[in-house]
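Reminder, nothing fancy here: chain letters follow the sequence lines and each chain counts from 1.
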Amino acid sequence: MRLSRYFLPILRDNPKEAEIASHRLMLRAGMIRQEAAGIYSWLPLGLRTLDKVSKIVREEQDRAGAIEILMPTLQPADLWRESGRYEAYGKEMLRIKDRHERDILYGPTNEEMVTGIFRSAVKSYRDLPLNLYHIQWKFRDEVRPRFGVMRGREFLMKDAYSFDLDRAGAEHSYAKMFASYLRTFARLGLKAIPMRADTGPIGGDLSHEFLILASTGESEVFCHRAYLDLPTPGEDVAFDDPVAMRDLMKRWTSLYAATSEMHDKAAFEAIPEADRVSARGIEVGHIFYFGTKYSEPMKATVTGPDGKETPVHGGSYGIGPSRVVAAAIEASHDEAGIVWPKAIAPFDVGLIDLRPGDGATGEACARLERELAAAGFDTLLDDRDERPGAKFATMDLIGLPTHVIVGPKGIAEGKVEVKDRRTGAKESLPVDAVVARLRADH
RNA sequence: CGGGGCGUAGCGCAGUCUGGUAGCGCGGAAGUUUUGGGUACUUCAGGUCGCAGGUUCAAAUCCUGCCGCCCCGACCA
């Protein structure tokens, strides 16, 4: 992509409404534009990042055996009357009437709808377990939206819903999602720690939040230092083995980890002082087991092996990709701008032509662009007629992991400079060697 | 929902107290200059001063009402 032909509305000044780093940097880097309180348009750079996050989330859901569907944003109120939540949900739920004066709502979550889908099609225990998920926009009419897309009213959420015959099956499904989340956040380049959580209005008695540590996080977290080094389950993790899953969850939940709401000071202080981590965190995922809370009132039943009809046991599992984008920035930025984890950077490489119009640098850039594309790297080429300083500042702001700087001085000797955004380390390399260097890094 | 604050050019702000032809910086356009960390200069374009009503010879400025946005708290993926 050539920056001169792209749509990247960079802001030089800090927008006054943005206080926290991710909000400020997302606005400055031209990733988002606010439309109303808690409602944002995603501009090209932001959308690319959001899509990269969603892609990884999707791959890991699929790997764990969940099956993707897509439910609408608007839902009929009657479905929610069945579960009793139409009345229970409160003002956070955006209620609308259509032209026929029928009550509809903009979905804040999808337990009711997915239960409706399930019950219409699944009648036998032989079709279980089943886990359906989608990645769709949600709306929760928060009293006070804030911090940009971190706590918006409209947000993108991956929500998965599991259906099992009994509690044991549901616990296995829960553990699969637990393992899947560990893999997902690790792949996103984030250190996420599972913490036992309150189940809130969704209900149920088994629930974990996944928090990533960031100094600007909204909640206080306390955990054992060992969590920081626990190995992430590999690609070959045995999702279908209930025993392996139970052991994995045990490993990840036996040490102390809690947010301030669930914090037990005495238990925390029982940990040797050197192993105590007290930090701030951002919730990026939340999983629940809620048993028959929806299946009973909504009559989502299957015939069991004993020939009896029985309500299915459910769980729901959420990750907010739009929040993950902001959280990643909170966890990784510096004075100059964003420092993207490689996996979710909007482009892999920022190629800077220091003197566009000059034949030699332009030619070298065109060649690098081609070769990088062939090697599978997304490249953003800054070919604007700007001062070098402005280009460096822009590239640092948008935080692409690797910068390749092509200037007339270097190119006269056939060399370009490769800069690592995170460390700032620069290395002068022959043009030929760039792709190999990038391959080694990514 | 309680408390606080802010709405003036695309962005950041001054002007409001004390009413009198709407300004500055950045950004944009044209040009000159410069060319490895946001260059300098010249010229130009760009504003229903959030909206509505009121007071006045005269309102960005004073009064009333409304709307929008942000921050702190309570609440939440």
What is the pairing partner of B:U48, taking Watson-Crick or G-U wobble pairs with both distances under 3.5 Å in any strand? none
Remember a base hit wins even if backbone is also touched, and classify A:Gly285 as base, sugar-phosphate or nothing at under 4.0 Å, heavy atoms. nothing
Same-atom distance (C1') from B:C62 to B:U56, integer angstrom: 10 Å
Residue A:Glu386, side-chain atoms from C-beta onward, closest of B:G28, B:G38, B:A74: B:G28
Taking any strand in view, what nucleotide pairs with B:A58 in a Watson-Crick or G-U wobble way, both distances under 3.5 Å? none
Separation of B:C72 C1' from A:Phe147 CZ (nearest whole Å): 10 Å
Answer yes if the side chains of A:Tyr317 and A:His208 hold a donor-acceptor pair under 3.5 Å, and no otherwise. no
Round to a whole Å and report the spacing from CD of A:Glu142 to C1' of B:G73. 15 Å
Identify the heavy atoms of A:Ile212 and A:Ala331 that sit nearest to each other, and give their distance. CD1-CB, 4.3 Å
Pair assignment for B:C26, Watson-Crick or G-U wobble, requiring both distances under 3.5 Å: B:G10
Need one value for A:Gly152: base, sugar-phosphate or nothing, where a base atom within 4.0 Å counts as base even if backbone is also close, heavy atoms only. base
Nearest of B:G38, B:A74, B:G37 to any side-chain atom of A:Ala390? B:G38
Produce the list of close N/O pairs, under 3.5 Å, pairing protein atoms with atoms of nucleotides 8-12 of chain B; give distances to one decimal.
from	atom 1	to	atom 2	distance (Å)
B:C11	O2	A:Asp13	OD2	3.3
B:G12	OP1	A:Lys16	N	3.3

Is the cationic atom of A:Arg95 (NZ for Lys, CZ for Arg) positioned less than 6.0 Å from the six-membered ring centroid of A:Tyr86 and within 45 degrees of its normal? yes
Euclidean distance for P, B:U61 against B:G50 (whole angstrom): 8 Å
Which of residues 414-422 of chain A sit near RNA chain B, with a heavy atom under 4.0 Å from it? A:Glu417, A:Lys419
Work out how far the P atom of B:G12 is from that of B:A52, and round it to whole angstrom. 23 Å
Using purine N1 to pyrimidine N3 plus N6-O4 or O6-N4 for Watson-Crick, or N1-O2 and O6-N3 for G-U wobble, each under 3.5 Å, what pairs with B:G37? none
Checking all strands, does A:Gly407 fall into the base, sugar-phosphate, or nothing category for heavy-atom contacts under 4.0 angstrom? base
Mind checking A:Ala37 for me? I need base, sugar-phosphate or nothing, with any heavy atom below 4.0 Å counting as a touch. sugar-phosphate
Rounded to the nearest angstrom, tell me the gap between atom CZ in A:Arg146 and atom C1' in B:C75. 8 Å
Should A:Trp80 and A:Tyr89 be marked as a ring pair (Phe, Tyr, Trp, His ring centres under 6.0 Å) after you check the CA-CA gap, both sets of side-chain angles, and the distance that decides it? CA-CA 9 Å; A:Trp80 285 65; A:Tyr89 217 93; 5.7 Å; yes
Interatomic distance at C1', B:G25 relative to B:C69, whole Å: 24 Å
How many Å lie between CG on A:Leu8 and P on B:G27, as a whole number? 16 Å
Can you tell me the distance, in whole Å, between the CD atom of A:Glu35 and the C1' atom of B:C69? 14 Å
Watson-Crick or G-U wobble mate for B:G19, both contacts under 3.5 Å: none
Write down the distance between CD1 (A:Ile10) and P (B:G38), rounded to a whole number of angstrom. 16 Å
Within the 4.0 Å heavy-atom criterion, would you say A:Ala36 contacts the bases, only the backbone, or no part of the nucleic acid? sugar-phosphate
Consider the side chain of A:Arg355, meaning its heavy atoms from C-beta on, and name the nucleotide among B:G38, B:U35, B:C1 that approaches it most closely. B:U35
When you compare B:C24 with B:G68, how far apart are their C1' atoms, in angstrom units rounded to a whole number? 26 Å
Interatomic distance where CZ belongs to A:Arg24 and C1' belongs to B:C70 [whole Å]: 15 Å
Within 6.0 Å of NZ in A:Lys91, more than 12 heavy atoms from elsewhere: no
Using atom P in both nucleotides, what's the gap between B:A30 and B:C66 to the nearest angstrom? 48 Å
Does a side chain donor of either A:Arg384 or A:Thr394 reach within less than 3.5 Å of an acceptor in the other side chain? yes
Which base, if any, makes a Watson-Crick or G-U wobble pair with B:G2, both distances under 3.5 Å? B:C72
Do A:Asp353 and A:Arg2 meet the salt-bridge criterion of a basic N to acidic O distance under 4.0 Å? no
For the side chain of A:Arg387, starting at C-beta, report the closest nucleotide among B:C1, B:U39, B:G37. B:U39
In this structure, is the centre-to-centre distance between the rings of A:Phe347 and A:Tyr6 below 6.0 Å? yes
Relative to the ring of A:Phe268, is the ring of A:Tyr256 parallel (under 30°), tilted (30 to 60°) or perpendicular (over 60°)? tilted
For A:Ser180 and A:Glu60, which I'm curious about, is there any donor-acceptor pair between the side chains at under 3.5 Å? no
Separation of B:C71 atom P from A:Glu19 atom CD, nearest Å, is 6 Å
State the pairing partner of B:G53; accept Watson-Crick or G-U wobble contacts with both distances under 3.5 Å, and report none otherwise. B:C63
Base B:G38 to side chain A:Arg28, donor-acceptor N/O within 3.5 Å cut-off: yes
Please measure how far the C1' atom in B:G19 lies from the corresponding atom in B:C70, and state the result in whole Å. 30 Å
Identify whether the distance between the nearest side-chain nitrogen and carboxylate oxygen of A:Asp264 and A:Arg196 falls below 4.0 Å. no
Specify whether A:Phe288 and A:His286 have parallel, tilted or perpendicular ring planes, treating 30° as the upper limit for parallel and 60° as the lower limit for perpendicular. parallel
